[in-house]
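Chain identifiers are assigned alphabetically (A, B, ...) following the order of the sequence lines, protein sequences preceding nucleic acid strands; residue numbering begins at 1 within each chain.
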Protein chains: 2
Amino acid sequence: MKASQFFISTLKEAPADAEVVSHQLMTRAGLIKKLGAGIYNYMPMGLRVVRKVEAIVREEMNRAGAVEVTMPVVQPAELWQETGRFEKMGPELLRIQDRHGRDFVIQPTSEEVITDIARQELRSYKQLPKNFYQIQTKFRDERRPRFGLMRGREFTMKDAYSFDRDQTAAKASYQVMAQAYRRIFDRFGLTYRAVAADSGAIGGDLSEEFQVIAATGEDAIVYCPGSDYAANMEKAESLAPAGPRGAATQALTKTATPGKSTCADVAELLSVPLKTTVKSLVLATDETNEAGETVKTQVWLVLLRGDHDMNEIKVGKVPGLAGFRFATLGEIEEHFGCKPGYLGPIGLKKPLKIVADREVALMADWICGANEADFHITGVNWGRDLPEPDAVADLRNVVAGDASPDGKGELAIERGIEVGHVFYLGTKYSRAMNATFLDENGKPQPLEMGCYGIGITRLPAAAIEQNHDERGIIWPDAIAPFTVVICPIGMDRSEEVKAAAEKLYADFLAAGVDVLLDDRGERPGAMFADWELIGVPHRVVIGDRGLKEGHVEYQHRRDSAATKVAITEIQAHVKGRMAV
Amino acid sequence: MKASQFFISTLKEAPADAEVVSHQLMTRAGLIKKLGAGIYNYMPMGLRVVRKVEAIVREEMNRAGAVEVTMPVVQPAELWQETGRFEKMGPELLRIQDRHGRDFVIQPTSEEVITDIARQELRSYKQLPKNFYQIQTKFRDERRPRFGLMRGREFTMKDAYSFDRDQTAAKASYQVMAQAYRRIFDRFGLTYRAVAADSGAIGGDLSEEFQVIAATGEDAIVYCPGSDYAANMEKAESLAPAGPRGAATQALTKTATPGKSTCADVAELLSVPLKTTVKSLVLATDETNEAGETVKTQVWLVLLRGDHDMNEIKVGKVPGLAGFRFATLGEIEEHFGCKPGYLGPIGLKKPLKIVADREVALMADWICGANEADFHITGVNWGRDLPEPDAVADLRNVVAGDASPDGKGELAIERGIEVGHVFYLGTKYSRAMNATFLDENGKPQPLEMGCYGIGITRLPAAAIEQNHDERGIIWPDAIAPFTVVICPIGMDRSEEVKAAAEKLYADFLAAGVDVLLDDRGERPGAMFADWELIGVPHRVVIGDRGLKEGHVEYQHRRDSAATKVAITEIQAHVKGRMAV
């Protein structure tokens, strides 16, 4: 490509609403252009990146035996009503009516439609396994779209769906995809982790997120530097602490803690470690009748060490706590006779169920609220001062330094951006939509499903969050808009420079290298700034003086300075610097 | 591709709602699958065809210097309000509201968005000309979607938009696109015509439709077999007939024609040629004030020869008739004192303007309604029986046998399916949206625009309408889902067949041929029927008996029988039969 036949448009300033570096750089480098909140035009430079991402994904999906289809952007509501998602999903599902008043949705994913295809097309066990995928426009009406392509409303996703005869086969299909995803993310040239994620009610380890590591990532990733253990924060298990519980050494004492409503404040006031305090969180679960009216409410007290955070996924898995909510102020006053800030499990007004984190269950001589404003109790001990808890479970987020669940060291935490997810679905959709096949005995069986997503347009943003400097983007070779840029100096004045640039351009093209010749006639400074901002990994500068000595200048986007390279050697030199 | 790794699904019967052969065959061959009215899934076999169409279009658009972008499917209404299309367009524009109640549309085209991009990005004459294109999902909420992909609601279109500094440059850009379209349609391997189309108020010849010729086409195409004249019916000019008018030879006579309300009935009753009759069409134009209220209505009488049809585009170009409507029954009775069926220009109750087709203006001794039920008048002559018409113009559709406007013979008419359109837009959108650039003198000038569409998903349907037989589709090589299919007979029983099939498959792949090996193990009859239905152009059958004699069987989809070809020659033989 020659720059004069392309479209390059860079900006000195990022738009005011660009909060994250990828959004700033994608806009400044002319990759995207905002059309509305969370809605972007892909400009020529940006579209090239997206197409390279698509091509890698498509190649590896095909290699893994998946077959490409395209499902409509606008989908009839009927199928979404079959699974109940038309009603259940929140306003992020964009619902529309056509001219005849019929309901439609703009697809955020396509489980319903692919299951509809499968129930018509996959009639026999002989047709299984089968995996269909699409690379298609999606829409999620985010309440607060932001961060450019990181949390946009219209985006492109690769979504694949596997269909199998039983769980064993489905798990094999899942593993095929998990492997394909590793190849895909390896090819992107990004640092990433495949982390175990919560798989909901299904259990097992059949849910993994592919996280691009970046300090600005929204997700906390837990991993063990000494092993291959990795999980997201929701999933990561905190190991049961070594027992037994310590013996009580202190007397139960009511202590004035005026205005100190947090564990941290109390620990500071009393000059004790934060981990000797216990925080009280009040939850509630509602039992409803068929009409959906609440007929009974159970209030729960969750106890966590003062330095720990509650993990809602883990709490939701405690028997009886599925679908919990936080208690109302009224419910809290009813049970504790006190406002939040000074709550505790001793001296309750009305009985409730107490669930303790495994750490709390083993504590002795701890501190909690006295159920009276401005007072706490110290020297609390299980058994002596209050009965054993109704349940003990892992309820907290892990913290750095916790023991790794695989026993191979301590956990560390870093930030990541989720760009892929592989997930075993089981028969959730096939049962809801009656998608069955006939087994060897001619008996209908529900299709076992898995689903597998990659955020095609999110990936370039994640790549930039991970790879940039103060001058701009630094693309990995595989997804750079161009792999090599040739920058001739004074091409309009020097026939030699022009001829050498054109020849090198032709040579790269002939070798199958994705090269751009910058024939715009920009001044060197402006030209270099453009390409550093845009982030093309390999740059070759051709100037009159160098040519006379038979050399050009090569600089990798990560190099701090240019290297003189004989013009006869430049192709081999660039190839040598390319990612394998 | 091996069939076992792909997805092949054929049907014996077409769905009941498939009215046209392309819809029937695309469904039976498993190319598409209906999801809702006018909304289709592209199944693996169909998606391959669409991708090949896309690839050809993309390659030629790039070659012609256009630059690819992608504009969102969901677009904010504000831009559409700037041009007035948000209000003016009918219900085929799908309007939606997001969770915050803001208005959006699903793009049917993207003039507004690309003009918005241009007004921000194209600031100087130095950046011109520029042509942006996208291949993107579109939606038009057709009142009655039908004919499968021919008139669907969700479809894929390639839309390009050129931006130029003045009319001369814009016309040059238009010609570049018109030439690129010829290359694209040549490459598709279809019989097509580029026909002149009406260019609205702009005039000139800067509007052409690309029509795939098919007997089932919706559009009438007018062309001259002896020259390269071709136009659509709206545009095709009927030459002014040779004058002068014949002399009056008959007396004006009122004749009873009871129950004969059409020209054809009257001509039959009176035993005269249909072309001696004149039909009366009553139109009206309304003058409105600023509030949009009608302040004055003008009624018009349009006179056409009994065997001719009115051309609404031509009528709309008669001074004063722009935006005409058909008159109401009340208006007709007020001016003629008679119901439709017996109307004529003689003996009007109230004056109106009379516009005669050029043929009618030269007629003598003609027949028209008497403005009295069940009566006509014969022997009517201009000047003698009524004043000369207020205006004379070309108001009719041409008919086969009319003289070609280029004087090179007689016109013929055939049917076509519009799959492409190139159109000079002028400054319609740039003025509405204030999209200007600075010229050499630093003065802002409106961008001159052109727009250029290709119906990517409509094209396969048009190709099938043109190329099919009773057994199924016959794809041109360029857009076939696979170019060659290898059908081994008894692959599971014969190691020789299996080995020969695998080797030939590998050889074709190595030669860059898009080949499918049918390893499904189907019986020969079912296998051949599938591939004839799907329409792969080249078929190679490998059987045990033939192999012993060193040959395989080749059959082009258009051949009536197979040909024995030495296995050593088969690759060269297939290549020889491929489209160049």
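Separation of atoms CG (A:Leu35) and CG (B:Asp116) is listed at 6.5 Å; rounding is to 0.5 Å. Taken from CD in A:Gln134 to CG in B:Leu47, the straight-line distance is 10.0 Å, to the nearest 0.5 Å. The CE atom of A:Met71 sits 9.5 Å away from atom CE of B:Met43, with the distance rounded to the nearest 0.5 Å. Atom-to-atom distance recorded for B:Gln120:CD and A:Asn41:CG is 8.5 Å, nearest 0.5 angstrom. The distance from the CZ atom of B:Arg99 to the CG atom of A:Leu93 is 11.0 Å, given to the nearest 0.5 Å. For the atom pair OG1 (B:Thr70) and CD1 (A:Ile32), the distance works out to 12.5 Å, reported to the nearest 0.5 Å.
Of the residues considered (A:Ser9, A:Gly46, A:Gly30, A:Gly65), A:Ser9 shows the highest number of contacts with chain B, using heavy-atom pairs under 4.5 Å.
Taking 4.0 Å as the cut-off between side-chain N and carboxylate O, B:Glu121 and A:Lys33 count as a salt-bridged pair. A salt bridge does not link A:Glu68 with B:Arg48: every distance from a Lys NZ or Arg NE/NH1/NH2 to an Asp or Glu carboxylate oxygen is 4.0 Å or more.
When all heavy atoms of B:Ile106 and A:Ile106 are compared, the pair lying nearest together is CD1-CD1, 3.5 Å. The nearest pair of heavy atoms linking A:Gly36 to B:Pro76 is CA-CG, 4.2 Å.
The side-chain heavy atoms of A:Arg58 and B:Arg51, taken from C-beta on, include a pair separated by under 4.5 Å. Taking 4.5 Å as the limit, every side-chain heavy atom of A:Val74 sits out of range of all side-chain heavy atoms of B:Arg153. Between A:Val69 and B:Phe7 the shortest side-chain heavy-atom distance does not fall below 4.5 Å. You'll find the side chain of A:Arg95 stays beyond 4.5 Å of the side chain of B:Ile96, heavy atoms only. At least one side-chain heavy atom of A:Ile39 sits less than 4.5 Å from a side-chain heavy atom of B:Phe104.
Of all residues in residues 135-142 of chain B, those placing a non-hydrogen atom less than 4.5 angstrom from a non-hydrogen atom of chain A are B:Gln136, B:Thr137, B:Phe139, B:Asp141, B:Glu142.
Neither the backbone nor the side chain of B:Leu11 comes within contact range of chain A; no heavy atom of the residue lies under 4.5 Å from a heavy atom of that chain. Contact annotation for B:Phe132: only side-chain heavy atoms (C-beta onward) come within less than 4.5 Å of a heavy atom of chain A.
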